[in-house]
Undergrad: 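Got a structure here, written out as structure tokens. Questions coming.
The sequence lines fix the lettering, A, B, ..., with proteins before strands; numbering per chain opens at 1. Just so it is clear, the structure is predicted and the values come from calculations on it, not from any experiment.
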Amino acid sequence: MDIRFYNSLTHQIEPFTPIQAGTVSMYNCGPTVYDYAHIGNFRTFVFADVLRRFLELAGHTVHQVMNITDVGHMTDDQLADGGGEDKMAAAAKRLKESKKQGVALIENPDDPYAVAEFFTGAFIEDAKLLGLKIADEYPGQMPRATDHVVPSMIPMIGSLIEKDHAYMAEDGAVYFSVQSFPDYGKLSGNSLDKLRGGAGGRVQDSHQTHKRHPADFLLWKPDASHLMKWDSPWGAGYPGWHIECSAMAKAILGKDTIDIHTGGEDNIFPHHECEIAQTCGATGNDHFANFWLHSRFLLVEGEKMSKSKGNFHTVRDVLEGRVTGRAVDPAVLRFELLKGHYRSNINFTAKGLADSASAVRRFRNAVHTDTKSAPLDHPDVQAFLETLANDLNIAGALGIVFERMKKSDDELPSILSRVNEILGILPTNIGSNVQSHIPFRHNVEAEVFSPKNLCDQLDAARAEKNFTKADTIRQQLIDEGYDVKTTKGGTVATKRLA
RNA sequence: GGCCGGGUAGCCGAGUGGUCAGGCGGCGGGCUGCAACCCCGUAGACGCGGGUUCGAUUCCCGCCCCGGUCUCCA
């Protein structure tokens with residue numbers, strides 16, 4: 001199968017061939033765990049998951065790593081390079097607020113490791129609910145940055161200093177020297193003289209004075225008062241953000257050059273630009289990742305998501321019904337996040353969610369979870385995969401699936417079962433076996449209401465042609481959030497998907 | 001201002017130098033006690049202005065709009 005991806009590094013669609021035939025190494029920039037993940041975060045993570053699943057069906061073994069950033073980073077208060085308030089400290093403050101309101105989510109909000117642990121747990125739950133294979137089957141491939149400071153990051157920083165790609169400045173901090181790396185700017189299309197310093201509003205002048213070049217970025221910040229700190233040859237302190245991904249990709253994937261690196265479009269500059277400089281500076285290779293794939297941002301009702309606009313939604317907000325007023329099945333949210341092309345903005349809307357619910361329902365009507373998957377070389381499966389092979393054209397591929405669903409025959413369920421290995425929207429693939437330590441409304445709800453009982457009563461009423469009574473019961477089921485279906489075997493009520 | 005991605009029917013979204021995307025919704029019909037589910041049919045589109053061409057939504061140029069980024073946002 002000829003796979004082609006748009007490579008951000010070369011700005012064009014290129015044939016994809018792994019370095020080692022049959023095996024793909026892939027690194028995904030993961031979450032920073034100082035709060036619950038939002039749906040925009042998961043747009044990117046679901047994209048990485050679909051990519052993984054596609055590559056597997058295309059015949060590759062995929063070695064995937066998704067990092068969890070649990071080192072305190074700065075708040076978004078316009079300060080960079082080690083200034084500003086620690087994000088973990090800010091998270092602690094939020095947790096204390098919730099404790100005051102009677103919800104004690106963790107014992108000690110002042111312990112940044114406990115805060116990180118709490119939100120890491122929440123993230124992995126969300127990831128499982130949304131069907132991320134890595135969280136469900138390979139949680140060991142989701143390294144914590146805090147575990148890699150000493151074994152991976154400090155040695156890499158040392159190596160960069162040795163090779164004159166990094167230096168210790170007068171303020172004691174270690175910076176990467178961008179002028180030592182001629183390719184700096186290649187990924188983002190920037191050049192050092194074109195970058196407008198400070199235009200992003202994230203630079204604080206006082207941190208710039210000690211750098212050789214304004215674009216030099218932090219590798220190590222000595223700070224003995226920091227909540228999270230490690231001993232290093234440059235004093236006790238903490239690592240810069242960019243170094244963690246370079247170090248962990250190398251440490252866990254075990255390669256100097258990997259096949260694919262993904263992330264959100266905001267990561268292109270500076271984060272991924274810096275990763276390339278660090279890794280290539282340390283290894284001496286031309287490439288860190290051969291392919292860079294970036295997903296575009298998610299918008300909410302046509303606008304960018306922001307706390308000030310009140311359209312900032314966590315995964316939990318959506319699933320628990322705080323966004324639409326109705327609980328949403330995780331498969332519906334997954335489908336909503338994956339149905340658009342990764343290289344376009346997707347627009348998250350209440351209507352879109354309802355559309356996705358219909359799509360998931362139709363899909364589930366046509367295939368059962370115990371159906372055996374059709375062979376990979378089945379023409380209809382191939383048509384689906386070939387479309388995905390063209391830069392992960394998921395919308396085109398879904399068009400093929402829905403077209404095929406119009407023809408209901410014996411083969412259809414097995415074809416859809418195979419397709420589902422990528423879509424991941426059948427009940428068993430998603431949200432199963434998640435033991436949440438945070439109460440989920442939609443998990444609890446079903447127990448206090450017995451739809452089976454009412455369905456039986458409804459059927460009895462219909463049998464004696466008491467349609468008024470039957471309609472009353474049906475309305476009751478609908479009001480409780482069920483889809484009511486009349487089948488040959490009687491009335492069936494299923495939880496509404498959204 | 002530089003760099004990067006995008007703009008396709010009411011909504012979401014593929015694709016193509018000439019003839020079908022697909023989904024939701026709409027309309028008409030079938031099924032139904034009535035509905036829902038399901039099935040069949042059907043209408044409607046390519047941001048704006050030039051250019052190339054027999055023909056442009058598609059290729060080229062200019063413009064407008066949206067999104068990202070310009071050093072710790074997925």
Side-chain angles (χ1 to χ4, degrees), chain A residues 6 8 11 28-32 37-48 69 71-76 79-84 87 178 185 187-191 193-203 207-208 211 214-218 240-242 244 262-271 273-274 294-299 302-305 336 339-341 343-347 349 351-352 354-359 361-362 365-366 387 390 393-403 405-406 408 462 465 467 470-471 474-475 478 483-487 491-492 494:
Chain A
Y6 180 88
S8 302
H11 310 292
N28 314 125
C29 272
T32 305
H38 58 68
I39 53 177
N41 296 130
F42 267 94
R43 191 272 150 100
T44 296
F45 304 147
V46 167
F47 151 65
T69 298
V71 178
H73 281 168
M74 306 315 120
T75 50
D76 52 359
L79 303 175
D81 290 331
K87 278 180 176 166
V178 293
L187 177 68
S188 58
N190 285 318
S191 61
D193 55 316
K194 291 267 178 59
L195 286 168
R196 185 191 284 184
R202 291 201 280 184
V203 185
H207 291 100
Q208 295 296 87
K211 296 179 181 179
D216 289 353
F217 55 91
L218 184 74
W241 176 40
H242 309 301
E244 78 172 68
T262 73
E265 61 175 319
D266 56 318
N267 281 156
I268 295 172
F269 192 91
H271 184 50
E273 199 75 76
C274 295
H294 292 102
S295 55
R296 296 292 146 188
F297 266 26
L298 168 145
L299 306 177
E303 295 194 300
K304 54 179 128 169
M305 188 165 66
E336 176 69 8
K339 72 184 181 185
H341 194 273
R343 218 144 45 76
S344 302
N345 290 107
I346 60 170
N347 189 15
T349 62
K351 186 173 184 309
D355 289 358
S356 291
S358 297
R361 191 189 58 232
R362 276 187 65 190
N365 272 341
T387 305
N390 180 19
N393 181 357
I394 187 75
L398 287 172
I400 290 173
V401 172
F402 279 104
E403 188 62 34
M405 278 169 67
K406 287 179 181 171
S408 182
R462 291 190 70 212
K465 302 215 184 297
F467 297 124
D471 289 348
R474 183 166 60 201
Q475 192 55 48
I478 291 168
D483 286 326
V484 182
K485 201 156 67 165
T486 308
T487 72
T491 301
V492 177
T494 48

Undergrad: Report yes if some heavy atom in the side chain of C274(A) is under 4.5 Å from a heavy atom in the side chain of W241(A); otherwise report no.
TA: no

Undergrad: Taking atom P of rC73(B) as reference, at what distance in whole Å does atom CZ of F269(A) sit?
TA: 13 Å

Undergrad: CD1 of I400(A) versus C1' of rA21(B): gap in Å, rounded?
TA: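 That distance rounds to 9 Å.
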
Undergrad: What does rA9(B) pair with, Watson-Crick or G-U, if both distances are under 3.5 Å?
TA: none

Undergrad: Can you measure F297(A) atom CZ to rC73(B) atom P for me and round it to whole angstrom units?
TA: 10 Å

Undergrad: Tell whether D266(A) reaches the base of rG68(B) with its side chain through a donor-acceptor pair below 3.5 angstrom.
TA: no

Undergrad: Nearest nucleotide by nearest heavy atom, which residue falls closer to the 5' end of RNA chain B, G340(A) or T44(A)?
TA: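 Going by which nucleotide is closer to the 5' end, it is G340(A).
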
Undergrad: If you measure from the C1' atom in rA21(B) to the same atom in rA45(B), how many Å do you get, rounded?
TA: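 About 13 Å, rounded to a whole number of Å.
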
Undergrad: So Y6(A), base contact, sugar-phosphate only, or nothing? Heavy-atom distance under 4.0 Å.
TA: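 Sugar-phosphate, backbone atoms only, no base.
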
Undergrad: Measuring only the C1' atom in each nucleotide, how far is rA14(B) from rU69(B)? A whole number of Å is fine.
TA: 28 Å

Undergrad: As a test of understanding, state which of R343(A), H294(A), E265(A) forms a side chain to side chain donor-acceptor pair (under 3.5 Å) with S8(A).
TA: H294(A)

Undergrad: Can you tell me the base-pairing partner of rU52(B)? Count Watson-Crick or G-U wobble geometry only, both distances below 3.5 Å, and say none if there is no partner.
TA: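 None - no nucleotide pairs with rU52(B), as no candidate has both distances under 3.5 Å.
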
Undergrad: Taking CG from N41(A) and P from rC73(B), how many angstroms apart are they, rounded to a whole number?
TA: 12 Å

Undergrad: Please tell me if the side chains of I39(A) and E336(A) come closer than 4.5 Å, counting only heavy atoms from C-beta onward.
TA: no

Undergrad: Does any non-hydrogen side-chain atom of R361(A) lie less than 4.5 Å from one of T494(A)?
TA: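 In short, these two side chains do not touch, never coming nearer than 4.5 Å.
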
Undergrad: Taking only N and O in the side chain of N345(A), is any of them less than 4.0 Å away from OP1 or OP2 of rG67(B)?
TA: no

Undergrad: Over how many whole Å does the gap from L299(A) atom CG to rC65(B) atom C1' extend?
TA: 13 Å

Undergrad: Students often get this wrong, so: under 4.0 angstrom with heavy atoms, is L298(A) touching a base, only sugar-phosphate, or nothing?
TA: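 Touches a base.
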
Undergrad: Where the side chain of N390(A) meets the backbone of T387(A), is there a donor-acceptor pair that is under 3.5 Å apart?
TA: no

Undergrad: Please check if any side-chain donor atom of T262(A) sits under 3.5 Å from a side-chain acceptor atom of N28(A), or the reverse.
TA: yes

Undergrad: Nearest heavy atom decides the nucleotide; on that basis, is F45(A) or K406(A) closer to the 5' end of RNA chain B?
TA: K406(A)

Undergrad: Side chains of R362(A) and F402(A), heavy atoms from C-beta outward: is any pair under 4.5 Å?
TA: yes

Undergrad: Report which part of the nucleic acid H38(A) touches: base, sugar-phosphate, or nothing (heavy-atom distance under 4.0 Å, all strands).
TA: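 Base, at least one base heavy atom under 4.0 Å.
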
Undergrad: Verify the contact: side-chain N or O of T32(A) to OP1 or OP2 of rA74(B), cut-off strictly under 4.0 Å; return yes or no.
TA: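 So the side-chain polar atoms of T32(A) do come within 4.0 Å of the phosphate oxygens OP1 or OP2 of rA74(B), strictly under.
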
Undergrad: If you look at every strand shown and take non-hydrogen atoms under 4.0 Å, does G352(A) touch a base, only sugar-phosphate, or nothing?
TA: nothing

Undergrad: Can you name the closest pair of heavy atoms from F45(A) and P31(A) and give their distance?
TA: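 For F45(A) versus P31(A), the nearest heavy atoms are CZ-N, 3.5 Å.
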
Undergrad: Students often get this wrong, so: under 4.0 angstrom with heavy atoms, is K465(A) touching a base, only sugar-phosphate, or nothing?
TA: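 Nothing, no heavy atom under 4.0 Å.
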
Undergrad: Base, sugar-phosphate, or nothing: which does F402(A) touch, judged by heavy atoms less than 4.0 Å apart?
TA: sugar-phosphate

Undergrad: What is the nucleic acid contact for R343(A), judged by heavy atoms within less than 4.0 Å: base, sugar-phosphate only, or nothing?
TA: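 Contact class for R343(A): sugar-phosphate only.
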
Undergrad: Heavy atoms from C-beta onward define the side chain here; which of rA14(B), rU71(B), rA74(B) lies closest to that of F217(A)?
TA: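 My answer, after comparing the listed nucleotides, is rU71(B).
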
Undergrad: Could you run through nucleotides 28-35 of chain B and give me one letter per nucleotide, 5' to 3': B if any protein heavy atom sits under 4.0 Å from the base, S if only the sugar-phosphate is that close, - if neither?
TA: -----BBB

Undergrad: What integer number of Å spans the P atoms of rG10(B) and rC27(B)?
TA: 16 Å

Undergrad: Could you give the distance separating rG41(B) and rC46(B) at their C1' atoms, to the nearest angstrom?
TA: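 That atom pair is separated by 25 Å.
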
Undergrad: With a 4.0 Å limit, can you tell me whether N28(A) has a side-chain N or O closer than that to the phosphate oxygens OP1/OP2 of rA74(B)?
TA: no

Undergrad: Looking only at atom C1', what distance separates rG47(B) and rU8(B), rounded to whole Å?
TA: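 Their C1' atoms lie roughly 10 Å apart.
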
Undergrad: Find the partner of rU69(B): check Watson-Crick (N1-N3 plus N6-O4 or O6-N4) and G-U wobble (N1-O2, O6-N3) distances, both under 3.5 Å, and reply none if neither fits.
TA: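 Base-paired to rG2(B).
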
Undergrad: Measure CG/N190(A) against P/rU71(B) and give the value in whole Å, please.
TA: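 Value for this atom pair: 10 Å.
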
Undergrad: Strictly below 4.0 Å: does N347(A) bring a side-chain N or O up to OP1 or OP2 of rC12(B)?
TA: yes

Undergrad: Could you report the tightest heavy-atom contact between R296(A) and R43(A), atom names first, then the distance?
TA: O-NH1, 2.8 Å

Undergrad: Please measure how far the P atom in rG6(B) lies from the corresponding atom in rC59(B), and state the result in whole Å.
TA: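 Those two atoms are separated by 11 Å.
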
Undergrad: Starting from P on rA74(B), measure out to CD1 on I39(A) and report it in whole angstrom.
TA: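 After rounding, the reported distance stands at 14 Å.
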
Undergrad: Would you check if L187(A) and F269(A) make a side-chain contact, meaning some heavy-atom pair closer than 4.5 Å?
TA: no

Undergrad: Please determine, for rG41(B), whether a Watson-Crick or G-U wobble partner exists with both distances under 3.5 Å, and give it or none.
TA: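 By the stated definition (distances under 3.5 Å), rC27(B) pairs with rG41(B).
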
Undergrad: Identify the pairs formed between an N or O of the protein and an N or O of nucleotides 24-26 of chain B at a distance under 3.5 Å, and give each distance.
TA:
unit_1	atom_1	unit_2	atom_2	d
rC24(B)	OP1	R362(A)	NH1	3.4
rC24(B)	O2'	D355(A)	OD1	2.4
rC24(B)	O2	K351(A)	NZ	3.1

Undergrad: Can you give me the closest heavy-atom contact between K339(A) and G352(A), atom names plus distance?
TA: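 K339(A) and G352(A) have their closest heavy atoms at NZ-O, 3.3 Å.
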
Undergrad: When you measure from the side chain of N345(A) to the backbone of F297(A), do you find a donor-acceptor pair of N or O atoms at a distance under 3.5 Å?
TA: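 At least one qualifying donor-acceptor pair exists.
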
Undergrad: Quantified in whole Å, what is the P atom distance between nucleotide rU42(B) and nucleotide rU53(B)?
TA: 39 Å

Undergrad: Using atom CG of L187(A) as one end and atom P of rU71(B) as the other, report the distance to the nearest whole Å.
TA: 16 Å

Undergrad: Any non-hydrogen side-chain atom of N267(A) less than 4.5 Å from a side-chain atom of C29(A)?
TA: yes

Undergrad: Considering only the P atoms, how many Å lie between rA36(B) and rG26(B), rounded to the nearest integer?
TA: 10 Å

Undergrad: May I ask you to say what G399(A) touches in the nucleic acid, namely base, sugar-phosphate or nothing, with a heavy-atom cut-off under 4.0 Å?
TA: base

